[in-house]
Amino acid sequence: MKRLTAIVVMTFILGGCGQDPRKVQITEKNRHTFMQDIKDMKGLTVEEVRLLVAQQVSDGMKKSFGGEERQIIGKTVGDLLIDLKKDAAEQEHEAKKQERLAAEAKAKEDARSAELRKAINLTVIEKGFVHVDYEDYITIKVAYENTSGKDIRAFEGKVQFTDLFGKEIYESGLTISDPIKGSEKKIWRGNIRYNQFIDSQKSLRVTELSDMKVIWKPSNILFVDGSRIGEQP
């Protein structure tokens, strides 16, 4: 589709007739063919031709799937270009806004996780597999340390397993409600019910712990004195 669009754009750019394509009227009869009427006319930029081609492709798809086409009858090509440029500018503005919000949210989450990791240091030190009462489980053994300087009542977060290049293999939620004093170290054992039809769990089972990175993503820490840091309930 991109190659076809590029060919169409170049065809328009190389056209020759001196009539102004922006003045061509769009009617019921030519609404789907006006691009043919202006293909030999000079005066449109590459971006303008791209917008017009994209608009016709979009209308064609909407028509095929029973959607509502853009109302363009009665407008000139110039009028349509004004609308298309306005829409493109609004879409670009919205896209940048969403990108900014996502970046801000990620930065906030990263900062919070960094603060929480300063309070609880955690890693997976063993991974295994067992069959109990007709059920299969991936077992994990976790070592953690309270580095906050305050007694912790409970904490929660996620443990992410990735390959050595950072590609996610599996991510699991983790909640530990065993109180731990300041500077104390403990061991926690847990398990994940294994489903052979879930590819991520299959990968977690067969990949050696030494061939994975473990990323601790704490989200909430509740202290014995009632204070907390992390996500608000």
Side-chain angles (χ1 to χ4, degrees), residues 93-133 135-233:
H93 175 75
E94 183 62 25
K96 288 182 178 179
K97 177 182 177 182
Q98 294 302 321
E99 288 177 4
R100 185 178 69 255
L101 290 174
E104 290 174 354
K106 185 179 184 304
K108 184 176 181 180
E109 181 179 352
D110 290 346
R112 183 183 64 205
S113 292
E115 179 186 8
L116 291 167
R117 277 193 292 268
K118 290 179 181 178
I120 282 287
N121 185 26
L122 179 147
T123 192
V124 177
I125 57 176
E126 284 184 17
K127 178 180 71 72
F129 186 81
V130 296
H131 181 81
V132 180
D133 296 332
E135 293 281 358
D136 293 327
Y137 297 91
I138 296 173
T139 62
I140 59 173
K141 184 177 180 181
V142 170
Y144 61 101
E145 178 184 9
N146 180 353
T147 53
S148 69
K150 297 171 61 176
D151 294 349
I152 292 176
R153 179 180 177 186
F155 63 93
E156 62 182 357
K158 294 180 180 179
V159 176
Q160 182 186 56
F161 298 87
T162 76
D163 64 18
L164 298 180
F165 296 98
K167 181 179 179 181
E168 182 178 309
I169 294 175
Y170 190 77
E171 186 174 84
S172 176
L174 181 148
T175 299
I176 296 180
S177 300
D178 184 19
I180 179 172
K181 295 180 179 181
S183 301
E184 187 178 4
K185 299 178 182 179
K186 283 192 174 184
I187 298 293
W188 178 87
R189 294 173 174 82
N191 58 66
I192 301 166
R193 181 175 292 176
Y194 179 68
N195 185 332
Q196 62 179 324
F197 300 108
I198 299 178
D199 289 340
S200 59
Q201 291 193 0
K202 289 169 62 177
S203 296
L204 179 64
R205 177 187 175 182
V206 301
T207 306
E208 295 293 333
L209 188 59
S210 59
D211 292 327
M212 293 189 289
K213 293 180 180 179
V214 177
I215 302 173
W216 166 230
K217 299 180 177 180
S219 58
N220 252 317
I221 297 177
L222 178 63
F223 295 98
V224 172
D225 63 10
S227 62
R228 67 185 299 157
I229 54 175
E231 298 175 350
Q232 295 301 314

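What you see is a predicted model, and the numbers here were worked out from it, not measured in a lab.
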Which heavy atom in V124 sits nearest to a heavy atom in L209, and how many Å separate them? O-CD2, 3.7 Å
Quick check on E208: does its CD atom have over 12 non-hydrogen neighbours (other residues, nucleotides or ligands) under 6.0 Å away? no
Backbone N or O of P179 within a donor-acceptor pair of the K186 side chain at under 3.5 Å? yes
So do the side chains of K167 and T162 get within less than 4.5 Å of each other, counting heavy atoms only? no
Closest non-hydrogen atom pair between S227 and L222, with its separation: O-CD1, 3.6 Å
Going from CG on L116 to NZ on K217, what distance comes out if it is rounded to the nearest 0.5 angstrom? 13.5 Å
Could you grab the distance from atom OG of S219 to atom CG of L174, nearest 0.5 Å is fine? 9.5 Å
For the atom pair OG (S148) and CG (N121), what is the distance rounded to the nearest 0.5 Å? 12.0 Å
Test item: R117 and P218 side chains (from C-beta on) under 4.5 Å apart, heavy atoms: yes
Pairing residues for D199 by the salt bridge (charged side-chain N to carboxylate O under 4.0 Å, His left out) criterion, not counting sequence neighbours: none
For H93, does the NE2 atom have more than 12 heavy-atom neighbours from other residues, nucleotides or ligands under 6.0 Å away? no
Check M212 against L164 and note the closest heavy-atom contact, atom names and distance. N-CD2, 4.0 Å
Could you tell me the separation between the CD1 atom of I221 and the NZ atom of K118, rounded to the nearest 0.5 Å? 12.0 Å
How many angstroms lie between CD in E99 and CD in E104, if you round to the nearest 0.5 Å? 12.0 Å
Is a side-chain donor or acceptor of N195 paired with a backbone partner of F197 at a separation under 3.5 angstrom? yes
Going by heavy atoms in the side chains, are L204 and I192 under 4.5 Å from each other? yes
For a quick test of reading the model, state the closest non-hydrogen atom pair linking R193 to Q201 and the distance between them. O-OE1, 3.3 Å
So, do W216 and T123 sit near enough that their side-chain heavy atoms are less than 4.5 Å apart? no
To the nearest 0.5 Å, what is the distance between CD1 (I152) and NZ (K181)? 13.5 Å
Do F155 and Y144 have side chains that get closer than 4.5 Å, going by heavy atoms? yes
Taking side chain to side chain contact (heavy atoms under 4.5 Å, CB included) as the test, write out the residues that go with A154, two or more places apart. S177
Quick check on K202: does its NZ atom have over 12 non-hydrogen neighbours (other residues, nucleotides or ligands) under 6.0 Å away? no
Residue pair D151 / G182: nearest heavy atoms and the distance that separates them: OD1-N, 3.0 Å
Taking everything shown except R153 itself, do over 12 heavy atoms lie less than 6.0 Å from its CZ? no
N191 side-chain N/O to I138 backbone N/O, donor-acceptor pair under 3.5 Å: no
Do any pairs count as a ring pair (Phe, Tyr, Trp, His ring centres under 6.0 Å) and have a residue in residues 158-193, sequence neighbours left out, and if so which ones? none
Can you establish whether the number of heavy atoms outside K150 located under 6.0 Å from its atom NZ is more than 12? yes
Please name the pair of heavy atoms, one in N146 and one in I180, separated by the smallest distance, quoted to 0.1 Å. ND2-O, 3.1 Å
Under a 3.5 Å distance rule, please check whether T139 uses its side chain to pair with a backbone N or O of K127 as donor and acceptor. no
